[in-house]
Every structure is written in C-alpha cells, then in structure tokens.
Amino acid sequence: MPAEHASLPRPGLTRKSWALIILLSFFGQVAWALENNFFNLFIQDAFGASLSDVALMVSASALTATATTLFAGAWSDRVGRRKAFIGVGTVLWGASIIVFAYLQSISSALAGTAAAAMAFGVTLTIVFDCVMTFFGSLANDSCFNAWVTDITCEENRGRVEGVNSAMPLLAMLAVFGGALFFMIVRPDGTVTYDYPLFFTIVGVAVMALGAGVLLFMDDSAPGRAPAGGYLASALYGFRPQAVRENRMLYLVLLGYLVFATALQAFMPYYVLYLRLPYILGESYVFVMAPGIAIAAVFTILYGKRVDACGFRRAVVLPLLLFVAGCVVLTLLTGMAGVFAGSVLMLCGYLGAVACFGAEVRNNTPAGRVGSFQGVRIFMAVLVPMLVGPWIGSALSAGSGALGLGVVGDGFTPSSLIFLGGAAVALLTFAVLPFIKKSKMS
C-alpha cells in the first residue's frame with residue numbers, strides 16, 4: 001500500500017466548512033436532480049423522445065462526466081488548488097442550465113417543419129445536457145469532491161458522507177416540490193411544466209452559489225501531484241501499478257460499480273414510472289415527499305454508524321433494504337405499496353452510497369486525490385450509466401411476454417426495472433468477502 005493516503009489526520013471541520021459542504025452538496029444535487037429527472041420529462045414532453053433517447057442522453061452525460069472529472073481533477077492536483085475550479089465551474093454550470101429554457105425556441109426557429117423541430121430538439125437536448133454535465137463535473141464531481149477529501153479524515157468521513165448522501169433526496173424533494181408551482185394542466189387533462197421559467201430559476205440559484213464560493217471558500221491547499229506529465233497524472237489511476245498499490249480502493253470501487261449499476265437499471269425511469277396514471281399519476285410528489293424525508297433522516301443518522309463500526313459492517317443493512325424495496329416496487333402498485341417500497345429502496349440507496357463514498361475517500365492516495373476522482377466516476381458513474389439504463393429499457397420492452405407487474409413498452413417503464421435492480425444489487429455481496437480479505441491483509 002502507498003505510504004500516504006487521503007486519511008491523514010486533519011483538523012476538525014469548521015462551521016464555514018460544514019456550511020459550504022451542505023450548500024454545495026445541496027445545490028449541486030438540485031442541479032443534478034433537475035437533469036436526472038426533469039430533463040427526462042422535458043425531452044419527452046417537449047420533443048416526444050422515446051426511452052431509448054432517454055437512455056442515450058444518460059449514457060452520453062456519463063461519458064462527459066467521466067472525461068471531465070478525470071482531466072479536471074488531475075489539473076487541480078497539479079496546480080494545488082480547488083477553489084477556482086469549484087467557483088468558476090459552478091457559475092458556468094448555472095449558466096448552462098439557463099440555456100435549456102430556450103431550446104424549444106431554438107429548435108423551432110432552426111428547423112423547417114414541426115417534425116424536424118421535434119427531432120432536432122431531441123438532439124439539442126442531448127448535446128446541451130453534455131455541456132451542462134461538463135461544467136457540473138468540473139465543479140462538483142472532480143474538484144468539490146477532492147476538496148471534501150482534502151479537509152476530512154477517517155474519523156468524520158462517515159458523517160460527512162451521510163450528509164452528502166442525503167442531499168440527492170432532499171434536492172429531489174425541493175425540485176419536485178418547486179415543480180408544483182410550474183405545473184400546467186392542458187385542456188385534455190395531461191400535465192406539463194413551465195420549463196423555461198423552472199430552468200431559469202434553478203440556473204440563477206446555481207450561479208449565485210458559484211459566486212459565493214469565490215468569495216467565502218478557503219482553499220484546501222492539497223499536496224501537489226507527483227512529478228510527471230499531465231496526461232500521465234490524469235491516467236495514473238488506470239495503470240496496473242495503481243491497482244496493485246491501492247488494491248483495497250479498487251475492490252471498494254468494484255462493489256460501488258455493481259451497486260450503482262443496480263440503481264441505474266431503474267432510476268432514470270423512476271419518476272416516469274411513478275407518473276403513470278395507474279400508479280400514482282401526478283400525485284406522485286405527495287407520496288414521494290414523506291418517503292424522501294424519512295430516507296434523508298435515516299442516511300444522516302446512519303453516517304455516524306459508518307464512522308463507528310466501519311465499512312464492512314455498515315454496508316450490509318443498506319444493501320438489504322435496497323433489495324427489499326426493489327422487490328416491493330416490483331410486486332405492489334398501490335399507493336401504500338409504492339410508498340413502502342420507495343422508502344426501503346431510498347434508505348438503502350443513500351445508506352449504501354454513504355458507506356461506499358466514505359470508504360473510497362479513506363483509501364484514496366494523497367497527492368492524487370483529484371485524479372482519482374476520475375477513477376471513481378468511471379467505476380461508480382460511467383460504467384453503471386452505460387449499462388444500467390439499457391437493462392431497464394430492455395426489461396420494459398420485453399415485459400409483455402412475462403406479464404409480471406406493470407407491463408411496459410418503448411415509451412412506458414415496466415415494474416420489472418426494479419426487479420432487475422434487485423438482481424444486480426445482490427451481486428454486490430459477492431464483492432464484500434474480497435474487501436474483507438484485503439482489509440485483513
């Protein structure tokens with residue numbers, strides 16, 4: 001193992017550090033929640049996109065996020081700074097979100113017919129989703145995550161990851177709660193949203209946060225990367241030597257990869273499924289809100305257990321909750337069943353992410369914290385997002401032959417997406433013995 005890791009002792013977190021962690025994590029997750037949920041709705045409502053288009057957008061975004069995080073993180077290691085990347089990147093992230101407010105107008109103006117405008121709109125949405133992801137990954141995935149690793153230690157990373165892991169759900173609650181104010185009921189009874197105003201407000205809020213970072217953040221002054229070329233530093237984490245020197249880190253990332261793939265089998269279609277008129281319809285927000293609140297509280301409290309008992313003991317319960325929730329969502333379509341399944345699944349999802357996130361930080365080599373964010377994104381985001389959504393899409397398209405639960409097609413998700421997620425999540429348990437053996441050695 002390397003002589004130094006990112007778990008070297010550091011002073012306790014200050015109130016300002018905690019405030020910035022909470023604000024950057026929350027508003028960053030608001031932007032990601034907007035992308036992961038409402039861009040999927042937007043591309044369907046505005047341009048009639050199919051589930052395959054949604055899967056393509058998710059996969060293209062994952063590729064962009066991985067490449068950006070890999071090279072931006074290594075760059076911040078070489079210059080020994082994080083603050084400028086986080087602040088400027090967040091401002092541009094917000095500006096790119098505002099662009100989505102004008103995509104319908106742009107596609108209509110540049111295309112000759114209504115059909116061409118719809119097809120062009122799908123393409124524009126996917127392209128600008130990648131642009132937004134570039135700035136978001138520059139600020140959040142690479143440099144913010146590296147900054148958090150820089151200023152934390154093994155004694156507090158579980159608590160920090162408990163808070164960070166709860167933010168996606170709290171952000172989802174804020175986004176979907178806020179969306180109620182932009183809801184539009186068409187004459188035929190169908191529901192859409194005032195997307196331009198919605199995207200503009202979120203974009204402005206993210207830009208304001210970026211300005212706040214530039215004014216108030218104290219840089220973490222990370223250790224400079226070891227000598228060598230920039231490209232070599234960026235790609236170091238993919239060398240066999242890096243795997244040999246950091247065996248524990250890569251085993252944890254392998255478990256993270258399997259679990260994240262299970263999540264991505266249904267998460268891109270989760271809201272689309274809940275919105276189905278024979279599931280929850282447009283009242284899905286009122287069912288999700290209390291479930292999200294319960295899961296967020298569970299995750300914040302569970303972070304302390306991660307610090308107290310360690311990764312191997314802490315991760316088992318969230319994995320079991322996740323699998324149980326997915327099974328319930330597969331079999332039950334009533335409001336009570338969907339609520340119970342969602343609470344179990346969301347508690348398991350965020351609890352497991354907190355466990356994996358803290359253990360990844362604990363085993364990240366010092367001096368290469370930024371460049372290893374690219375490895376983390378590759379294994380925990382890119383591969384799962386390239387594989388998972390297509391599993392869900394295939395299960396939905398072929399569900400009619402099985403007749404189990406809710407039957408889907410090319411445009412409608414099937415309840416089998418959750419069963420697929422449960423099956424993949426069970427494979428995570430196959431990785432845990434290897435992590436235990438590596439830890440003991």
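The residues of the chain are indexed from 1 along the displayed sequence.
Considering only heavy atoms from C-beta on, V91 stays 4.5 Å or farther from V88 through its side chain. Contact annotation: the side chain of V315 approaches that of L319 to within less than 4.5 Å [non-hydrogen atoms, C-beta and beyond]. With contacts defined as side-chain heavy-atom distances shorter than 4.5 Å, the pair S142/F85 does not qualify. Between M57 and I43, the closest side-chain pair of non-hydrogen atoms falls below 4.5 Å. Side-chain contact between V202 and F27: absent, with no pair of heavy atoms (C-beta onward) separated by less than 4.5 Å. You'll find the side chain of V327 stays beyond 4.5 Å of the side chain of F418, heavy atoms only. Between Y195 and F100, the closest side-chain pair of non-hydrogen atoms is not below 4.5 Å. Looking at heavy atoms from C-beta onward, M167 lies in side-chain contact with I22 at the 4.5 angstrom threshold.
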Take Y256 and M379, measure what side chain to side chain contact (heavy atoms under 4.5 Å, CB included) needs, and give me the verdict at the end.
CA-CA 7 Å; Y256 204 164; M379 296 190 71; over 6 Å; no

Assess whether side chain to side chain contact (heavy atoms under 4.5 Å, CB included) is satisfied between F71 and L231, documenting all intermediate values.
CA-CA 8 Å; F71 291 101; L231 186 61; 3.8 Å; yes

F378 and F238: side chain to side chain contact (heavy atoms under 4.5 Å, CB included), yes or no, with the steps?
CA-CA 10 Å; F378 177 84; F238 296 94; 3.7 Å; yes

Go through the steps for S415 and T330 under the test side chain to side chain donor-acceptor pair (under 3.5 Å), then give the verdict.
CA-CA 5 Å; S415 58; T330 302; 5.9 Å; no

Determine, step by step, whether M207 and I98 satisfy the side chain to side chain contact (heavy atoms under 4.5 Å, CB included) criterion, reporting the C-alpha distance in whole Å, the side-chain angles of both residues, the deciding distance to 0.1 Å, and the verdict.
CA-CA 10 Å; M207 290 181 71; I98 295 175; 3.9 Å; yes

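In plain terms, the two heavy atoms of A171 and V30 that are nearest each other are CB-N, 3.4 Å. A pairwise comparison of heavy atoms in V338 and L329 identifies O-CD2, 3.6 Å as the closest pair. Shortest non-hydrogen contact noted between A166 and T299 is N-CG2, 4.0 Å. The minimum heavy-atom distance between Y302 and C355, with the atom names listed, is CE2-SG, 4.1 Å. Of all heavy-atom pairs between A33 and V175, the closest is CB-CG2, 4.0 Å. Of all non-hydrogen atoms in A60 and I126, the two that sit nearest each other are CB-CG2, 4.3 Å.
With rounding to the nearest 0.5 Å, the separation of CG in L70 from CD1 in I377 is 10.5 Å. For the atom pair OG1 of T69 and CZ of F134, the computed distance is 10.0 Å after rounding to the nearest 0.5 Å. Taking CE from M183 and OH from Y193, the interatomic distance works out to 4.0 Å, rounded to the nearest 0.5 Å. Residue S342 holds its OG atom at 5.5 Å from CG of L274, rounded to the nearest 0.5 Å. With rounding to the nearest 0.5 Å, the separation of CD1 in I86 from CZ in R81 is 11.5 Å. One finds the CZ atom of R239 at 10.5 Å from the CD atom of E245 (value rounded to the nearest 0.5 Å).
Judged purely by atom type and a 3.5 angstrom limit, N140 has no side-chain atom pairing as donor or acceptor with the backbone of G136. Side chain of T68 to main chain of A65: no donor-acceptor pair is present (N/O by atom type, distance under 3.5 Å, no hydrogens or angles). In terms of modelled atom types and a separation under 3.5 Å, the side chain of N246 and the main chain of P365 share no donor-acceptor contact. Here the side chain of N145 pairs a donor or acceptor atom with the backbone of D141 at under 3.5 angstrom. Checked by atom type and distance alone, the side chain of S59 never pairs as donor or acceptor with a backbone atom of L56 at under 3.5 Å. No donor-acceptor distance shorter than 3.5 angstrom exists from the side chain of S414 to the backbone of S396, with no hydrogens or angles considered. No side-chain donor-acceptor contact under 3.5 Å links T90 to the backbone of L209. When atom types are taken as modelled, the side chain of T200 and the backbone of P196 share a donor-acceptor pair closer than 3.5 angstrom. Checked by atom type and distance alone, the side chain of S438 never pairs as donor or acceptor with a backbone atom of I435 at under 3.5 Å. At least one donor-acceptor pair closer than 3.5 Å links the side chain of S96 to the backbone N or O of W93.
Ring to ring, Y269 and Y273 are not that close: their centroids are 6.0 angstrom or more apart. Ring-centre distance between F311 and F356: below the 6.0 Å cut-off. The six-membered or imidazole ring of F322 lies near that of F259, with a centre-to-centre distance under 6.0 Å.
Ring geometry, F39 versus F199: the interplanar angle exceeds 60°, so the pair is classed perpendicular (tilted spans 30 to 60°).
Between D77 and R82 there is a salt bridge, since a side-chain N of the basic residue sits under 4.0 Å from a carboxylate O of the acidic one. For R157 and E359, the salt-bridge test fails: no basic side-chain N is under 4.0 Å from an acidic carboxylate O.
Shown here is Y102, whose OH atom has no more than 12 heavy atoms of other residues, nucleotides or ligands within 6.0 Å. Within 6.0 Å of the CZ atom in F434, the count of heavy atoms belonging to other residues, nucleotides or ligands does not exceed 12. Within a 6.0 Å radius of CZ in F42, other residues, nucleotides and ligands contribute more than 12 heavy atoms. Applying the 6.0 Å contact sphere to CZ of F181 captures no more than 12 heavy atoms from other residues, nucleotides or ligands. The 12-atom threshold is not exceeded at CH2 of W75, counting heavy atoms of other residues, nucleotides or ligands nearer than 6.0 Å.
With 3.5 Å as the limit, one finds no donor-acceptor pair spanning the side chains of W147 and S76. With 3.5 Å as the limit, one finds no donor-acceptor pair spanning the side chains of T364 and T149. Side chains of Q373 and R376: a donor-acceptor N/O pair is present below 3.5 angstrom, by distance only.
Just one residue in the list N363, L254, V243 forms a side chain to side chain contact (heavy atoms under 4.5 Å, CB included) with L249, and that residue is N363.
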